[in-house]
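Down below is the structure, laid out as structure tokens.
Chain letters run A, B, ... following the sequence lines, proteins first, then strands; residues in each count from 1. Hydrogens, waters and symmetry mates are skipped; everything else that's a heavy atom, side chains included, is used.
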There are 2 protein chains.
Amino acid sequence: MAFRSEILIKLDKKGRVLLPAAFRDELPADDRGAFVLYHSPNVSGVVNGNSRMGFDAMLERLRAEALGPKGSLKVALDDEAFDPAGYLSAGARTIAMEPDGRFSMPAEFVEALDAADGVMLVGKVEKFQLWNPARWQARRAAEREKMAAFVRNLSAGGDA
Amino acid sequence: MAFRSEILIKLDKKGRVLLPAAFRDELPADDRGAFVLYHSPNVSGVVNGNSRMGFDAMLERLRAEALGPKGSLKVALDDEAFDPAGYLSAGARTIAMEPDGRFSMPAEFVEALDAADGVMLVGKVEKFQLWNPARWQARRAAEREKMAAFVRNLSAGGDA
DNA sequence: GGCTTTCCCATGGTATCCCATTGTATCCCG
DNA sequence: CGGGATACAATGGGATACCATGGGAAAGCC
């Protein structure tokens with residue numbers, strides 16, 4: 001399971017978006033009918049996506065790291081303490097797909113993306129992202145610079 | 001079973017509230033007609049909700065972890081000792097829904113929330129919360145800061 | 001008898017189902 | 001290896017079902 005490639009998909013006037021076949025194929029075989037969309041925790045205008053399984057696994061690791069082994073009872077009771085898994089959950093929605101792979105995008109995500117008639121789907125290994133196409137172009141250009149610098153650094157400190 | 005998303009629901013002049021379909025779908029298949037509401041143990045103005053199954057499971061863990069293996073007998077007999085599960089139960093009510101998913105919200109919870117004409121339902125993974133919409137906005141803004149800080153910390157202390 | 005609670009029906013909006021179209025990739029066959 | 005035949009991916013659109021909500025009427029409850 002590894003999401004790859006960037007694909008531009010239409011957002012039709014009914015608010016529907018197609019999850020490309022390349023991404024559908026990465027969903028668990030026993031749960032192909034639905035997945036999860038959630039707001040990025042620290043970048044506005046970006047929506048993340050994952051299988052239900054992948055999202056739930058992330059929440060679990062998150063709680064383990066944030067609270068330790070005895071955290072589960074505390075989290076169930078303590079409504080005052082900050083719970084990062086609960087925060088992500090509140091910004092997440094389970095999305096059911098039609099048999100042909102399309103889903104209707106909730107208005108909150110359309111607004112967050114400021115998407116007019118298209119959405120850029122970007123594979124990020126264990127999750128994927130939805131971007132406003134124009135914003136993604138800018139981001140990708142910036143990342144190309146960083147990647148080049150990263151590779152330069154590698155060769156400097158490489159397995160000398 | 002994992003409650004997600006935040007949904008604003010009307011509180012009509014008859015005191016009725018709709019449990020959204022997204023939340024109804026997370027209730028156990030064999031117990032879709034009712035659920036539990038209970039006051040937050042440590043944040044006033046917040047009401048928690050869960051399936052009967054989920055609430056009971058929490059009480060059980062609470063007694064097991066807070067009182068040890070002999071806890072249940074002690075709790076049954078000792079009316080002097082403090083019993084957190086008993087405390088939560090006293091502040092809880094089983095709520096029956098109409099077939100269309102609506103229920104009439106008990107006055108005690110309406111007062112606790114200070115809800116006028118709307119209630120914010122927030123998914124918190126294994127339970128959900130009811131908030132006064134305005135108070136939830138404030139809380140969410142505060143949590144966004146904490147989440148960003150949490151993510152920053154992760155990258156700093158990465159799994160070295 | 002007033003008051004609240006439950007049941008039922010009505011409605012607007014959205015999402016879902018189903019069918020159709022186009023283009024591309026794959027396959028088969030000689 | 002060409003040339004069509006076939007399958008599937010991506011998109012459009014009409015019809016239908018369901019969600020969220022309002023409100024009337026019946027059924028309790030002091």
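Contact of B:Lys14 with C:dT6 (side chain to base): a donor-acceptor pair of N or O atoms is detected under 3.5 Å. A donor-acceptor contact under 3.5 Å is not formed by the side chain of A:Lys10 with the base of D:dG12.
At the heavy-atom level, B:Pro99 lies nowhere under 4.0 Å from the strands shown.
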> Can B:Met120 and B:Gln137 be said to form a side-chain contact (heavy atoms from CB on, under 4.5 Å), step by step?
Replying inline: CA-CA 9 Å; B:Met120 185 66 80; B:Gln137 294 303 335; 3.9 Å; yes
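Contact record, B:Pro41 with A:Asp79: CD-OD2, 3.6 Å, taken as the closest heavy-atom pair. Shortest non-hydrogen contact noted between A:Ala90 and B:Val122 is CB-CG1, 3.6 Å.
Within the structure, every side-chain polar atom (N or O) of B:Ser104 is placed at least 4.0 Å from both OP1 and OP2 of C:dT4. Checking the phosphate oxygens (OP1, OP2) of C:dC18, no side-chain nitrogen or oxygen of A:Arg102 falls inside 4.0 Å.
Per the geometry, CG belonging to A:Asp100 stands 12 Å off P belonging to C:dT16, to the nearest Å. A straight line from CG of B:Leu8 to C1' of D:dC19 spans 15 Å, rounded to a whole angstrom.
Considering only the side chain of A:Ala21, D:dA9 comes nearest among D:dA9, C:dT16, D:dT21. Distances from the side chain of A:Pro20 to the nucleotides D:dA20, D:dT21, D:dA10 place D:dA10 closest. Of the candidate nucleotides C:dC7, D:dT21, C:dC17, C:dC17 has the atom lying nearest to any side-chain atom of A:Glu98.
Of the possible polar contacts, one joining the B:Arg24 side chain to the B:Leu19 backbone as a donor-acceptor pair under 3.5 Å is found.
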